[in-house]
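For reference, the structure discussed in these notes is given below.
This one's a predicted model, so the numbers in the text were calculated from it and none came from an experiment.
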Protein chains: 2
Amino acid sequence: MDASLEPQKARRLALLLRERIASGEIAPGARLPGEPALALEHGVSRVTVRRALDTLASDGLIDRRVGSGTFVREPDAPRPIVADFSNMLTHLVEMGRRTGVRLLAFAYVQPPEAVAQALGLKAGERSQRSVRVRLIDGQPFSYLTTHVPERIGLTYSEADLAAVPLLTLLERSGTAIERASQTIGATLAGPDVAEALGLEIGSPLLALTRVVFGPDGRGVEHLQALYRPDRYSFQMELHRAGDAGERRWSPVPCRTTDSGEATPGPGLRAAQAARG
Amino acid sequence: MDASLEPQKARRLALLLRERIASGEIAPGARLPGEPALALEHGVSRVTVRRALDTLASDGLIDRRVGSGTFVREPDAPRPIVADFSNMLTHLVEMGRRTGVRLLAFAYVQPPEAVAQALGLKAGERSQRSVRVRLIDGQPFSYLTTHVPERIGLTYSEADLAAVPLLTLLERSGTAIERASQTIGATLAGPDVAEALGLEIGSPLLALTRVVFGPDGRGVEHLQALYRPDRYSFQMELHRAGDAGERRWSPVPCRTTDSGEATPGPGLRAAQAARG
DNA sequence: GTCGGTTGTCCTATACGCTAGACAGGTAGT
DNA sequence: ACTACCTGTCTAGCGTATAGGACAACCGAC
C-alpha cells in the first residue's frame with residue numbers, strides 16, 4: 001500500500017484509464033478489456049498494465065474479480081464541492097457541511113517580488129504570510145497562501161486567523177474592502193502542498209489568485225488558493241447576451257440557491273464526469 | 001536532442017521549477033540556487049538536477065553560465081491570454097492576435113454515458129464528436145472536444161467546423177441558444193492532449209466543461225475544453241456585495257472593454273504573475 | 001593572484017521500472 | 001466435466017534512471 005513511486009509507462013496508462021473512466025467513456029459497471037488485451041493495445045507488458053490497474057484499484061476506481069475481469073466501480077459519490085460563481089460565496093461555512101481550518105504557517109516575511117508588486121509594496125516592506133488548509137468533513141480540499149501588508153496584519157493575531165475568515169478580520173479592523181481581481185489557472189502539486197492536501201506530488205490543482213484592494217486602490221490581501229479538483233470546482237450558469245455578430249456569454253446575475261448546494265441540473269452530472 | 005524518455009524525478013523537478021519560473025516566484029534574471037543546493041533541497045542527486053535543468057535550458061527558460069550560475073531568462077514575451085469573465089468572450093478572434101483552428105477529429109459516434117446524459121440523449125442516439133485545437137500566433141493553447149446531437153450536427157459540414165465557430169454554426173442553422181452551465185476544474189494532460197498542445201504528459205491543464213441548452217431545455221452542445229495554463233487563464237473583477245454578516249463577492253457586471261485585451265489595471269499584472 | 005563557488009564531464013554502483021515468460025487458481029459458459 | 005478466459009503470483013534478465021562521487025574549466029570577489 002506504499003505505492004510511493006509512479007513509474008513512467010504505468011503512470012501514463014493509469015492516467016489514461018482514469019480519464020476514460022472519469023469521462024464516462026467506460027461506463028460505471030462495465031468490464032475493462034483483459035490485462036493481456038490492454039497490454040497488447042498499449043504496447044506494454046502485462047506487468048505494467050497491472051501496475052496501472054493497481055493504482056486505480058487502490059483509489060477505489062475499479063473492482064478486480066479473479067476469473068471474471070476488472071470492472072469500473074460505481075462511484076461512492078463523495079460528491080465534490082461546487083462553488084457557484086454567480087453567487088461567489090467567499091466562504092463555505094454555509095454549505096451545510098462541517099468545514100475546518102488548519103493554520104500551517106504564520107510569519108512576517110519578505111514577500112516574493114510578484115506579490116509585492118501586486119500589493120503595491122515598496123522594496124523592503126514586509127508582509128504577513130499565512131498558510132492555511134481548509135477541510136470539509138475532515139478532508140482537506142484547499143491550500144491557501146495569503147499575504148497581507150505588515151501594517152494591516154498587525155491588527156489581528158495568529159489565533160484570530162485560525163478561527164475567523166481573513167476578510168472578516170480585515171473589515172473588523174477597519175480596513176475597507178472595495179474590489180478584487182482574480183485569476184484562475186491550473187498547477188501541479190509541489191511536495192508541501194501535496195502532503196497537506198493528501199495528494200501525490202504532481203497531481204493537478206485548480207489555482208486561484210486573488211488580489212483584494214481597498215478604497216484607496218492599495219492592495220490589502222494577496223491570496224493564492226490551490227484546490228483539489230476532485231473535491232472542489234467552480235460552477236456557473238451563463239446566458240447568451242449581445243446582438244448577432246457580437247454575441248457572448250455573460251454570467252447569470254446572482255441567483256442564490258438557499259440550499260448552498262450547487263444549482264442542480266444537467267450540468268452537475270457533467271461537472272462530476274469531467275473532473276478527471 | 002532525442003529526450004524521448006522522461007525520467008521520474010528529473011521530470012518532477014523540471015515541472016516544479018518550470019512553474020516557479022512561470023509564476024514569477026523566481027523572478028526573471030534572478031539566479032537559481034546552485035546545482036548542489038538544488039540537489040540537497042529536493043533530496044535528489046546532482047545528476048538528476050542537471051537533467052531537469054537540461055530540459056528547461058532546451059526550452060529556453062534558463063540560461064546556464066559556467067562559473068557563475070544558472071539564471072532565469074527574460075521571457076520572449078509570448079504573453080498569456082487572459083480571458084475576462086465579466087465579459088466572457090466566447091471567441092478570441094477579436095483579441096487582436098492571429099488565431100487559428102486545427103480540426104483533429106470529426107465523426108459521428110456513440111457518446112460516452114456522461115455526455116449523453118448531459119445532452120439528454122436517449123440510449124443509442126448518436127452524437128457528432130469533434131476535436132479541435134485552437135492556436136494563437138501559431139502556438140496551440142486549447143484542446144476542445146465537443147459533442148452535438150446528431151440531428152443538429154447534420155446541419156453543417158466538416159469544413160464548416162474547421163472555419164466557423166461552432167456556436168455560430170448552430171445559430172445559423174436555426175438552433176436557438178439560451179443558456180449554458182459550465183464547470184471549471186483541473187486535469188493532467190493525457191498522451192494525445194499532451195502531443196496536440198505541445199506539452200509533456202502529466203502537465204497541468206485548466207479544464208472547462210460547458211453544456212449549452214436550447215430554449216426547450218434540451219442539450220445542444222457539450223464542450224470539454226482543456227487549456228494550457230501558461231497561455232490561457234480566466235480573469236475577473238469582483239466587488240464586495242451583501243450586508244455585514246452575509247458578505248460575498250459578486251462579479252462586476254459586464255463592463256466590456258473594446259480593446260478585447262483583458263481589463264487593464266492592477267489586476268492584470270497580478271494575473272500574469274500568478275498565471276502559473 | 002588566490003579562493004570559493006559555479007557549471008561541464010566523466011566514472012562506478014545500485015535501484016528499479018519494464019519485458020517476457022510460466023504457472024496456479026477462480027469464474028463462466030458450453 | 002470441459003474449455004476459455006480471467007486475475008494473482010512468481011521468475012529471470014535487461015535497460016536505464018538515479019546516487020555519489022572525482023575532476024577540470026570557468027567566473028567573480030577580495
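A donor-acceptor pair under 3.5 Å is formed between the side chain of B:Tyr108 and the backbone N or O of B:Gly153.
Checking the phosphate oxygens (OP1, OP2) of D:dC6, no side-chain nitrogen or oxygen of A:Arg64 falls inside 4.0 Å. Phosphate proximity of C:dT7 to B:Thr70: present, with a side-chain N or O under 4.0 Å from OP1 or OP2. Contact between the side-chain N/O atoms of A:Arg46 and the OP1/OP2 oxygens of C:dT19 is not found at any separation under 4.0 Å. Not one side-chain nitrogen or oxygen of A:Arg65 sits closer than 4.0 Å to the OP1 or OP2 atom of C:dT27. Phosphate proximity of D:dA19 to B:Ser45: present, with a side-chain N or O under 4.0 Å from OP1 or OP2.
The local environment of CD in B:Glu41 is crowded, with over 12 non-hydrogen atoms from other residues, nucleotides or ligands closer than 6.0 Å.
When the ring-ring contact (aromatic ring centres under 6.0 Å, His included) test is applied to B:Tyr227, the partners found at least two apart in sequence or on another chain are B:Tyr232, B:Phe234. Taking A:Arg65 as the reference, A:Asp63 meet the salt bridge (charged side-chain N to carboxylate O under 4.0 Å, His left out) condition, with sequence neighbours excluded. Residues passing the salt bridge (charged side-chain N to carboxylate O under 4.0 Å, His left out) test with B:Arg102: none are found, sequence neighbours excluded. For A:Ala37, the side chain to side chain contact (heavy atoms under 4.5 Å, CB included) criterion is met by A:Pro33, not counting sequence neighbours. Qualifying salt bridge (charged side-chain N to carboxylate O under 4.0 Å, His left out) partners for A:Arg129, counting only residues two or more places apart in sequence or in other chains: none. For A:Arg218, the side chain to side chain contact (heavy atoms under 4.5 Å, CB included) partners at least two apart in sequence or on another chain are A:Arg151, A:Asp216. Partners of B:Asp59 under the side chain to side chain contact (heavy atoms under 4.5 Å, CB included) rule, at least two apart in sequence or in another chain, are B:Arg18, B:Leu61. For B:Arg64, the side chain to side chain contact (heavy atoms under 4.5 Å, CB included) partners at least two apart in sequence or on another chain are B:Glu35, B:Arg50, B:Leu53, B:Asp54, B:Ala57, B:Ile62, B:Thr70.
Taking the side chain of B:Arg51 as heavy atoms from C-beta on, and the options D:dT7, D:dA17, D:dA19, the nearest nucleotide is D:dA17. When each of C:dG8, C:dT19, D:dA19 is scored by its nearest atom to the side-chain atoms of A:Val47, the top-ranked nucleotide is C:dT19. Distance from the side chain of A:Lys9 is smallest for C:dC18 among the nucleotides C:dG8, C:dC18, D:dA19. Comparing D:dT18, D:dT7, C:dG8 by their closest approach to the side chain of B:Thr48 singles out D:dT18.
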Contacts table for residues 118-126 of chain A: side-chain donor-acceptor under 3.5 angstrom, sequence neighbours left out:
residue  : atom : partner  : partner atom : Å
A:Glu125 : OE1  : A:Lys122 : N            : 2.8
A:Arg126 : NH2  : A:Glu150 : OE2          : 2.9

Taking protein heavy atoms under 4.0 Å as touching, what does nucleotides 24-30 of chain D look like 5' to 3' if B marks base contact, S marks sugar-phosphate-only contact and - marks none?
-> --BB---

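The nearest whole Å value for the distance from the CG atom in B:Leu13 to the C1' atom in D:dA19 is 14 Å. For the pair B:Asp54 CG and D:dT18 P, the computed distance is 12 Å after rounding to whole Å. For the pair A:Arg50 CZ and C:dG17 C1', the computed distance is 16 Å after rounding to whole Å.
Between its two ends, the helix from C:dG1-D:dC30 to C:dT30-D:dA1 turns its axis by 30°, counting five pairs per end and rounding to 10 degrees.
Against DNA chain C, the stretch residues 30-44 of chain B makes heavy-atom approaches under 4.0 Å through B:Arg31, B:Gly34, B:Glu35, B:Pro36.
Inspection of the B:Thr209 and B:Thr183 side chains reveals no N or O donor paired with an N or O acceptor under 3.5 Å.
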